[in-house]
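Order of listing sets the numbers, starting from 1, for every ligand and every atom in it.
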Amino acid sequence: MTANHFLASLDFSPEEYSTVFSLASRIIDSPMDYADRCSGRLMATLFYEPSTRTRLSFEAAMLRLGGVVISVASAKSSSVSKGESLGDTIRTVGGYADLIVLRHPNEGAAVLAGEYSPVPVINGGDGAREHPTQTLTDLFTIHRFKGRFDGLTVAFCGDLRYGRTVHSLVKALARYSNVRFILISPPELRLPERIKREVKEINPAVTLKETTQMENGLKSADVLYMTRIQKERFFNEEDYIKLRDTYILTPDKLNTASAEMIVMHPLPRVTEIDYAVDVDSRAVYFEQARFGMFARMALILHLLRRKEDEDA
Ligand code: NCD
């Protein structure tokens with residue numbers, strides 16, 4: 001496997017994230033300076049699970065860099081429906097494109113794709129496992145609003161069991177100093193033990209506090225990271241319905257939080273954030289989605305440059 005893929009949030013060191021954030025901020029300040037940086041380059045997006053932001057922000061990112069995009073938006077419309085293996089698809093598409101973004105329902109699909117691909121593979125989400133470009137987006141958003149990662153208290157709320165964005169972000173954040181995590185979830189949807197162990201291995205000094213009460217997390221958090229209950233990963237509808245409305249952030253609840261706290265969400269939102277919260281200046285989730293496009297522009301440039309250096 002070449003080191004040129006981006007398959008998991010820990011594939012980048014904190015320094016490498018910083019490099020990408022500096023580039024993303026420069027792109028925000030002078031987008032036209034980057035308008036043809038990818039001319040003659042082609043990116044393929046292979047999405048075997050639904051997506052709005054990840055796929056469209058990647059495609060918008062490549063087009064804004066002057067590159068072009070080819071796309072498969074569902075397994076049904078591709079040869080996967082004829083029984084083609086992921087390895088064969090990736091080998092084929094790797095002959096057409098300079099970069100592949102893959103979203104797949106199977107955990108481990110991204111790693112497998114990385115083994116077959118001659119070009120950089122970006123994991124756009126593999127089952128409940130990882131979503132590193134959401135982490136890139138999330139860290140960039142925190143960097144833009146808070147200017148630091150050290151010393152932050154981050155409350156994660158909702159489906160911490162199946163939420164891949166949480167799994168990727170919590171590990172990446174654990175590498176900074178004096179970070180505290182408040183994990184708010186129903187008992188059924190707690191952060192998996194495996195990930196808690198990894199976090200402790202990454203940084204034994206990290207504080208992890210688990211609670212079922214959203215209110216407990218709001219008082220001291222610098223960042224509240226809300227998540228959707230991941231309906232598609234549940235084995236039955238009944239369990240989903242029982243847990244669906246466990247946490248709903250309302251303006252009243254938000255009133256108990258600090259004036260400096262930011263509310264993030266990878267989106268899509270269902271019921272977990274009342275629409276009335278959107279007008280609160282602490283609600284940054286749509287800015288977060290927009291930052292995701294700039295972060296992905298920077299990521300594309302970074303990976304293509306790294307590949308060129310490697311090939312040189
Ligand atoms: C997330 C995902 O796909 O994991 N969405 C996204 O990429 N922004 C979160 C979710 O679907 O709840």
Side-chain angles (χ1 to χ4, degrees), residues 6-9 24 45-61 71-75 100-110 121-142 154-173 183-186 188-189 191-192 195 223-234 239-240 243-249 262-273 278 283-297 299-300:
F6 188 43
L7 305 178
S9 63
T45 54
L46 303 180
F47 276 65
Y48 299 144
E49 264 194 347
S51 169
T52 298
R53 273 148 290 269
T54 306
R55 186 162 75 89
L56 295 185
S57 66
F58 260 116
E59 296 187 0
S71 187
V72 163
S74 73
I100 296 175
V101 187
L102 173 73
R103 170 169 289 187
H104 200 283
N106 295 353
E107 305 198 0
V121 173
I122 299 172
N123 180 6
D126 58 338
R129 205 178 72 92
E130 282 261 4
H131 193 345
T133 73
Q134 186 63 45
T135 295
L136 181 81
T137 299
D138 298 340
L139 291 178
F140 184 51
T141 304
I142 295 172
V154 181
F156 290 93
C157 178
D159 188 346
L160 312 189
R161 177 174 179 187
Y162 297 117
R164 57 192 173 195
T165 69
V166 175
H167 302 167
S168 289
L169 181 57
V170 78
K171 287 188 270 181
L173 277 171
L183 306 173
I184 309 160
S185 76
E188 297 89 332
L189 299 178
L191 190 70
I195 295 175
V223 175
L224 173 63
Y225 192 94
M226 294 296 295
T227 62
R228 173 180 72 88
I229 307 294
Q230 306 282 296
K231 182 180 182 192
E232 64 276 32
R233 317 248 180 254
F234 276 68
D239 289 351
Y240 168 69
L243 295 169
R244 186 182 51 190
D245 297 324
T246 314
Y247 304 109
I248 299 179
L249 183 65
I262 55 170
V263 182
M264 296 173 62
H265 192 310
L267 302 176
R269 130 181 72 184
V270 190
T271 54
E272 60 280 1
I273 301 180
D278 296 2
V284 305
Y285 27 90
F286 288 106
E287 276 122 307
Q288 180 185 353
R290 191 168 156 271
F291 285 147
M293 180 184 70
F294 294 109
R296 289 177 174 110
M297 287 172 80
L299 176 68
I300 291 169

By ring-ring contact (aromatic ring centres under 6.0 Å, His included) - contacts of Tyr48 (at least two apart): His104
Any donor-acceptor N or O pair under 3.5 Å, side chains His265, Arg228: no
Contacts of Glu287 that satisfy salt bridge (Lys or Arg N to Asp or Glu O under 4.0 Å) - sequence neighbours left out: none
Partner of Arg164 under salt bridge (Lys or Arg N to Asp or Glu O under 4.0 Å), chosen from Glu49, Glu130, Glu107: Glu49
Neighbouring protein residues of ligand 1 - any heavy atom closer than 4.0 Å: Thr54, Arg103, His131, Gln134, Arg164, Thr165, Arg228, Gln230, Pro266, Leu267, Pro268
Flag for Arg296-Thr133: side-chain donor and acceptor within less than 3.5 Å: yes
Residue list, ring-ring contact (aromatic ring centres under 6.0 Å, His included) with Tyr285, at least two apart or on another chain: none
